[in-house]
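Every chain is numbered from 1, with letters handed out A, B, ... down the list of sequences.
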Amino acid sequence: MAFGKGCHLHLIDGSAFIFRAYHALPPLTRKSDGLPIGAVAGFCNMLWKYIEDAKGADAPTHAAVIFDKGSHTFRNDLYDLYKANRDEMPADLRPQMPLTREATRAFNIACEEQEGYEADDMIATLARQAREAGGRVTIISSDKDLMQLVGGGVEMFDAMKNKVIGPEEVEAKFGVGPDRVIDVQALAGDSVDNIPGAPGIGVKTAALLINEFGDLETLLARAEEIKQPKRRQTLIDNADQIRLSKKLVTLDPETPLSFTLDDLEIREPHVETLLGFLNAMEFRTLTRRVAEKFDAEPPPAPELAAPEAAPLAEPDEPAPSPDDYVCIRDADMLRQWLDQARARGWVAVDTETTSLDEMRAELVGVSLCIEPGQAAYLPLGHTTGDGDLFGGAERAEGQMDLKTALSLLKPVLEDPAILKIGQNMKYDFKIFARHGIRVGPIEDTMLMSYAMFSGLHNHGMDTLSDRYLGHQPIPIKELIGSGKSQVTFDKVAIDKATRYAAEDADITLRLWRRFKPRLHREAATTIYETEERPLIPVLADMEMAGVRVDAQVLSRMSNAFAQKMAGLEEEIAQVAGTPFNVGSPKQLGEILFDQMGVEGGKKGKTGAYGTGADVLEDVATLEDVNPGAAKLASLVLDWRQISKLKSTYTDALQTHVHPETGRVHTSYSIAGANTGRLASTDPNLQNIPVRSEEGRRIREAFVAGPGMTIVSLDYSQIELRILAHVADLPEMKAAFRDGLDIHAATASEMFDVPLDQMTSEIRRQAKAINFGVIYGISGFGLARNLRIPRKEAQGFIDRYFERFPGIRTYMDDTVAFAKEHKYVETLFGRRIHTPEIAAKGPAAGFAKRAAINAPIQGAAADIIRRAMIRMPAAIKDLPAKMLLQVHDELIFEVEQGKAEALIAAARSVMEGAAEPVMKLSVPLVVDAGQGASWAEAH
DNA sequence: AACTTCACG
DNA sequence: GACGTACGTGAAGTTC
């Protein structure tokens, strides 16, 4: 039947169905093979319910499910940040996408998508065509972006709420009729799709304005007449942006379509095809239901795996057995394994290399695992035996050519429909990136463990395998040895390497199968998917970019330090009366406390005197009592400072300058710190000196490349701002809103000193207390830090609690929460386990303070992680590169002259990083600097 | 490998 | 009443 008068077209918004299904259901997997299938199951149930409900008097004559296709549309050309806020599609949803199309066809409903066009535009076009042909249209969706189409024979239907959306419902939502919806949307913007709109104007105000002026163009033309000065200025200043927003929200009713309305005529499902599909998906209930409806025989259920699995050793899962692992020697065999990965939609991957340093490591082999126990190792760079001193090692036989192997691996490793599962994938990501392969989508068992179990244990493969599989993997030491006799992995014989390497991939896959369903149960999915996994490519790019370090500057400093140290050592020997190893705390302690007779030396658990800086500082004040010791202590303090700078910074950093890039490439561990912070290693670039004048000069060696500038942005007082928000401290929040000096404001509040009479001494004390609170304050700790009597310190704390009562409540509530749940949580839902909270003795004190600190430090970590993940898209066109993260600071390199543009873009990302999930009651403020070196930029 | 010290936020 | 204590990290050097 040709579409025409009296016809009724149903248009189903496919993506809406899929996302609703995905989020409504736990992460189901197909029983026989673990294929993620939850969204497909929900989608099929919704389609079936739709078909059943759509029968009867007002039944459609034509219907189609419309899907989005491709990520780049004309809207991206108009505005490159369109939908830039969107989180990446969850990795376990991606492989389900093609299956939803298949499901639609199995139900014998027209399934349409058009490369480069959003489903919404296709729906707009079809609705127009149907109206013009004299028919009626129902759009099955509750998406507000489609509401502009309502009216004149077009209505929407919210399948979840079973509610028709007509002109009245649209007006209730937008405050205007369907024909003015786009005007309101243009003004109000949309954070989900990243439509800018007019700042400060929401739907309510927008509707008010449109109703007053009639339409958007009139409003913009007569903006001068608006009474409210701020609103008037906003509209005048942002007219272009508002017009752009309107273009973005307006659906295109002229999308070219490769089919016609007539093609969408309702068809009865082909029973066998439908049952075949549902059965293959192993949807038992739905298969039975559909079979009953059609009076058909349900097909025999596919063979199911053994009954419900025990947590440790699943009965259908034999223990890893290295004898079963396969060694891939040629292209045909590799193709077979890759085909298996394609068929399933996932593969566990692990690389073997010659070094733990990803920037210097050479690829030696790749292991793959498809199913528990089915793993293979692909040797690529093994050498024979030990070779001789003159590099006589030769390439081992029976290995595929590296180039050929990589060219076969690349399409699979980059295939968006195949999940690549790894343990610590940032490592493998970088190794492959250096061979021109950008691995994705990714799943990482280390990060899954971190998201679920932070605070309980570390997240290395050995720990996870032991705890969750009850299996101890082959120790790497058995292959490469340890200490002086250690060799690189390429020297290991291929058969031995196969047993070890394939096992790692096998274990990774097994861990993934256990962790995946557990993520939801542990409420860790959101953190994992929004803050851990997306960080992998971001950090990998930062690490590979590296930061330019001028080794000559460092070398000169080293020499100067060496001279100064030698001078000090001479002087020290003289004062001490005997030369000794100044670097030995033990020898120093004996000289100070035994030979020179300083009183009050305290021995630690090893029986040695403590000689930390605080002890030496006290001794250095004893000029009158023991001038010799005072002089010695003071000299050693100087020596230690220089020694530290030299050994840890000026000397060590030089060895980290990469010979080819001339830059230093640190490595960030994502799952190292319990609170969600990153940690930087090899070298640690998060503790480059800054507090002392001499130390700060080391930052002069961190320089911009030729023609480039270093830019640094850091959050101002982020932890105190978070504290003010979570503990609900009205005075502190007000101080932040007013942009006051927070420590001075605290001091004023506590000591009743007006701000204009504040002294630096009072402010210093308030600052110490502010930090103390973040750390889980104690009278003892504050007393030691401020060097005041304990009683006095306790008095300060009491007064602080009195003036900021929210603090006490926050601390008590947090500790009580930790005791009850054995974990604490950040604003963003990151959980940090606190098993020690139940301990007795001093450990309980530690655990308490850690529990108080974790939500604050953790939320700050969440915020900068979120900023970092959004950063690459925001700065890619400048062009600029993000190089380093130091907890509350991000360091960039940008072309000279583009620094201001970078600061504007990066600041906006950082200050808005809590949104949209969290609206803080204090503003986030970011300070910025720029210069030729880190010293200048900070 | 453990301990001490000290650099950072 | 005593115990011990600020939170989170990584690296270098000494000692065992």
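Geometrically, A/Arg784 does not engage A/Phe780 in a cation-pi contact defined by less than 6.0 Å to the ring centre and at most 45° from the axis. The cationic group of A/Lys603 lies under 6.0 Å from the six-membered ring centre of A/Tyr609 and within 45° of the ring axis, placing it in a cation-pi geometry.
Taking 4.5 Å as the limit, every side-chain heavy atom of A/Val553 sits out of range of all side-chain heavy atoms of A/Ile698. The side-chain heavy atoms of A/Met565 and A/Val582, taken from C-beta on, include no pair separated by under 4.5 Å.
The shortest distance between the side-chain N/O atoms of A/Gln587 and the OP1/OP2 oxygens of C/dT15 is below 4.0 Å. Residue A/Arg849 places at least one side-chain N or O under 4.0 Å from the OP1 or OP2 atom of C/dC7.
Using a 4.0 Å heavy-atom cutoff across all strands shown, A/Thr606 reaches sugar-phosphate atoms only and no base atom. The residue A/Ile777 sits close to a base: some heavy atom pair falls under 4.0 Å. Nucleic acid contact class of A/Ala652 (heavy atoms, under 4.0 Å, all strands): sugar-phosphate only. In this structure, A/Gly583 reaches the sugar-phosphate backbone alone: every heavy-atom distance under 4.0 Å involves primed, P, OP1 or OP2 atoms, never a base. Residue-level contact check: A/Arg784 touches the backbone only, with heavy atoms under 4.0 Å from sugar-phosphate atoms and none from bases.
One finds no salt bridge joining A/Arg830 and A/Glu825 here, because no Lys/Arg side-chain nitrogen approaches an Asp/Glu carboxylate oxygen to under 4.0 Å. Salt bridge absent: A/Glu802 and A/Arg799 never bring a charged side-chain N and a carboxylate O closer than 4.0 Å.
The stretch residues 555-569 of chain A participates, sequence neighbours left out, in these salt bridge (Lys or Arg N to Asp or Glu O under 4.0 Å) pairs: A/Lys564-A/Glu694.
Residues from residues 762-769 of chain A with heavy atoms under 4.0 angstrom of DNA chain C, sorted by number: A/Ala768. Of the residues in residues 611-622 of chain A, those placing a heavy atom less than 4.0 Å from an atom of DNA chain B are A/Thr611, A/Gly612, A/Ala613, in numerical order.
Close approach of DNA chain B to chain A, defined as any atom under 4.0 Å from a non-hydrogen atom of the protein, starts and stops at B/dC3 to B/dG9.
Here, C/dT5 and B/dA7 have their C1' atoms 22 Å apart, quoted to the whole Å. To the nearest whole angstrom, the two P atoms, one in C/dG4 and one in B/dT4, are 15 Å apart.
For A/Ser647, the side-chain atoms get nearest to C/dA12 when compared with the rest of C/dA11, C/dA12, C/dG4.
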*asked:* Both atom distances under 3.5 Å, Watson-Crick or G-U wobble: I'd like the secondary structure of DNA chain C as a dot-bracket string, with | for pairs made across strands.
replied: ......|||||||||.
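Taking the ring centroids of A/Tyr823 and A/Phe817, they lie under the 6.0 Å cut-off. Here A/Phe751 and A/Phe796 bring their ring centres to under 6.0 angstrom of each other.
Ring planes of A/Tyr450 and A/His459: perpendicular class, angle over 60° (limits at 30 and 60°).
Judged as a side chain to side chain contact (heavy atoms under 4.5 Å, CB included), and not counting sequence neighbours, the contacts of A/Val726 are A/Ile722, A/Tyr810, A/Leu827.
Among the candidates A/Leu632, A/Asp638, A/Leu635, the single residue satisfying the side chain to side chain contact (heavy atoms under 4.5 Å, CB included) test with A/Glu571 is A/Leu635.
Of the possible polar contacts, one joining the A/Arg907 side chain to the A/Val926 backbone as a donor-acceptor pair under 3.5 Å is found.
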